[in-house]
Amino acid sequence: TAGHAKVGFEESISFNQWRTWSGLAPGIEWISAGTLLSDLRKIKLPGEIARIREACKLADACMEHALRMVQPGVREYDIALDIEFFFKRHGASPAFEPIVVSGANSAKPHGRGSEKPLEPGDFVTLDLGGMLDGYNSDITRTVVVGKASDRHKEIYQQVLRAETECCALLAPGTNGNIIDAHARAVLDEKGLAQYFGHSLGHGLGADVHDPGRLHETADEPIVEGMVFTVEPGVYIDGFGGVRIEDDVLVSANGPEILTHSPRELMEIQ
């Protein structure tokens with residue numbers, strides 16, 4: 001800060017941090033940088049994209065590992081613990097507390113693993129991600145234990161269609177609120193939009209919820225270098241829920257999906 005009269009800072013810092021900095025640099029005027037830094041963070045540099053790619057590869061490997069545990073009688077909490085161990089064993093850390101919910105619990109978008117055992121006929125949603133070398137991944141898959149009913153299939157296929165089409169729309173020049181609205185329009189064809197209560201996606205990078213959103217209030221252009229999650233969901237109380245989520249890079253050549261776990265409905269016998 002030598003020779004500077006003013007220093008900008010992110011408004012997210014704590015009061016104690018601001019007070020410490022002020023004491024270390026008397027005479028400096030500390031001013032809010034507003035959205036300057038968060039706007040810069042929306043567009044990832046090549047080195048950042050490379051790190052996100054590696055975090056996504058690890059998330060795909062973790063999802064493959066976790067799905068092997070999906071069997072009747074296995075408890076949600078045990079799968080969640082194994083997900084955390086997988087990331088730590090591979091030199092990463094969980095990007096967030098894994099979500100493993102089944103049956104009626106899968107209707108809770110941000111539920112946490114419980115002692116509930118998986119049962120035939122359950123939807124099982126696994127939402128996981130890892131931080132590797134300072135950058136994050138975030139992926140969700142939903143499967144069925146045993147044979148899927150017609151209702152399972154109807155809900156799943158509509159969510160999958162919304163997710164697939166919205167991933168394809170992530171191109172420079174479009175807008176986050178337009179893509180969010182498209183997801184709801186697809187779900188509404190089957191009367192399911194009423195069960196989708198969160199935003200379509202968020203930025204991804206050094207934070208698992210990095211600046212940038214796909215939401216009805218996100219009135220800003222999407223540009224090359226942004227990375228988003230795309231995660232439509234349907235959550236029906238008493239029945240269960242489906243969420244499918246991938247991480248997508250906005251490139252000059254169109255969207256590039258960075259997570260590659262299979263998206264077709266899996267019936268785990």
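Numbers here simply count residues along the sequence, with the first being 1. Just the heavy atoms: all of them, side chains too, but no hydrogens, waters or symmetry mates, feed the values below. Owing to the predicted nature of the structure, the values given are computational and were not obtained by experimental measurement.
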Within the distance-only criterion (no hydrogens, no angle test), does the side chain of H110 pair as donor or acceptor with the backbone N or O of I99 below 3.5 angstrom? no
Is the distance between the ring centroids of H90 and F86 under 6.0 Å? yes
Heavy-atom closest pair, residues K44 and L204: CE-O, 3.1 Å
Which value, rounded to the nearest 0.5 Å, describes the distance between E54 atom CD and L258 atom CG? 11.0 Å
With a 4.5 Å limit on heavy-atom distance, are the side chains of L67 and M266 in contact? yes
Could you check whether N136 and D207, counting side-chain N and O atoms only, form a donor-acceptor pair closer than 3.5 Å? no
Verify the neighbour count for atom CG of N16: are there more than 12 heavy atoms of other residues, nucleotides or ligands below 6.0 Å? yes
Using side-chain heavy atoms (C-beta onward) and a distance below 4.5 Å, is E119 in contact with V145? no
Taking atom types as modelled, is there a side-chain donor on Y135 or R53 under 3.5 Å from an acceptor on the other? no
Within-4.5 Å side-chain heavy-atom neighbours: I179 and F228: no
State yes or no: do V100 and L58 share one hydrophobic cluster built from I, L, V, M, F, W and Y residues joined by side-chain heavy-atom distances below 4.5 Å, directly or via other members? yes
Separation between CZ (R75) and CD (E115), nearest 0.5 Å, reads 5.5 Å
Going by the side-chain contact (heavy atoms from CB on, under 4.5 Å) test, name the single residue among T140, I79, I139 that passes it with L126. I79
Atom pair OG/CH2 of S22 and W30 - distance to nearest 0.5 Å: 6.5 Å
For S102 and V124, indicate whether the former's side chain and the latter's backbone hold a donor-acceptor pair under 3.5 Å. no
Rounded to the nearest 0.5 Å, what's the gap from CZ on R112 to CD on E97? Could you check? 4.5 Å
H152 vs F239 aromatic rings, parallel, tilted or perpendicular, using cut-offs 30° and 60°? tilted
Nearest heavy-atom approach of V230 to P232 is C-CD, 3.8 Å
Which atoms form the tightest heavy-atom contact between N175 and P221, and what is the distance? ND2-N, 4.3 Å
Show the numbers, then the answer: is there a side-chain contact (heavy atoms from CB on, under 4.5 Å) between L132 and F87? CA-CA 9 Å; L132 182 66; F87 282 120; over 6 Å; no
Please round to the nearest 0.5 Å and tell me the distance separating atom CG of L200 and atom CZ of R213. 12.0 Å
Spacing of NE2 belonging to H215 relative to NE2 belonging to H198, to within rounding of 0.5 Å: 10.5 Å
Do the non-hydrogen side-chain atoms of D138 and F96 ever get within less than 4.5 Å of each other? yes
side-chain contact (heavy atoms from CB on, under 4.5 Å), that's the test. Do D210 and V227 meet it? Break it down for me. CA-CA 9 Å; D210 232 23; V227 179; over 6 Å; no
Tell me, yes or no, whether the heavy-atom count around K153 atom NZ, taken from other residues, nucleotides or ligands under 6.0 Å, exceeds 12. yes
Hydrophobic cluster membership, with links at side-chain heavy-atom distances under 4.5 Å among I/L/V/M/F/W/Y: are I49 and I257 in one? no
Minimal heavy-atom distance between A55 and G130, with the atoms involved, is CB-O, 3.9 Å
Indicate whether any N or O donor in one side chain lies under 3.5 Å from an N or O acceptor in the other, for D60 and S261. yes
Salt-bridged, R184 to E216, with N to O below 4.0 Å? no
Heavy-atom side-chain contact between V74 and V70 under 4.5 Å: no
Ion pair E48/R51, N-O distance below 4.0 Å: no
Looking at T125, D127, T142, which one forms a side chain to side chain donor-acceptor pair (under 3.5 Å) with R243? D127
Heavy-atom closest pair, residues D122 and P117: OD2-O, 4.2 Å
Are any non-hydrogen side-chain atoms of E231 and S199 less than 4.5 angstrom apart? no
Decide yes or no for S137 and M63: does some side-chain heavy atom of the first lie under 4.5 Å from some side-chain heavy atom of the second? no
Is a side-chain N or O of E76 found less than 3.5 angstrom from the main chain of S114, in a donor-acceptor match? yes
When you check the gap from the basic side-chain N to the acidic O, do D246 and R141 get nearer than 4.0 Å? yes
Heavy-atom donor-acceptor pair, T174 side chain to L170 backbone, under 3.5 Å: no
For the hydrophobic clusters of this structure (ILVMFWY residues joined by side-chain heavy atoms under 4.5 Å, transitively), does one cluster hold both I52 and V248? no
Check the side chains of D82 and H65 for a donor-acceptor pair under 3.5 angstrom, ignoring hydrogens and angles. yes
Are I13 and F15 connected into the same hydrophobic cluster when the rule is that any two of I, L, V, M, F, W, Y join if their side-chain heavy atoms are below 4.5 Å apart? yes
V159 vs L187 side-chain heavy atoms within contact, under 4.5 Å: yes
Going hydrophobic residue to hydrophobic residue with side-chain gaps under 4.5 angstrom, can you get from V186 over to V234? no
Nearest atoms (heavy-atom pairs only) where P98 meets E84: CD-OE2, 3.5 Å
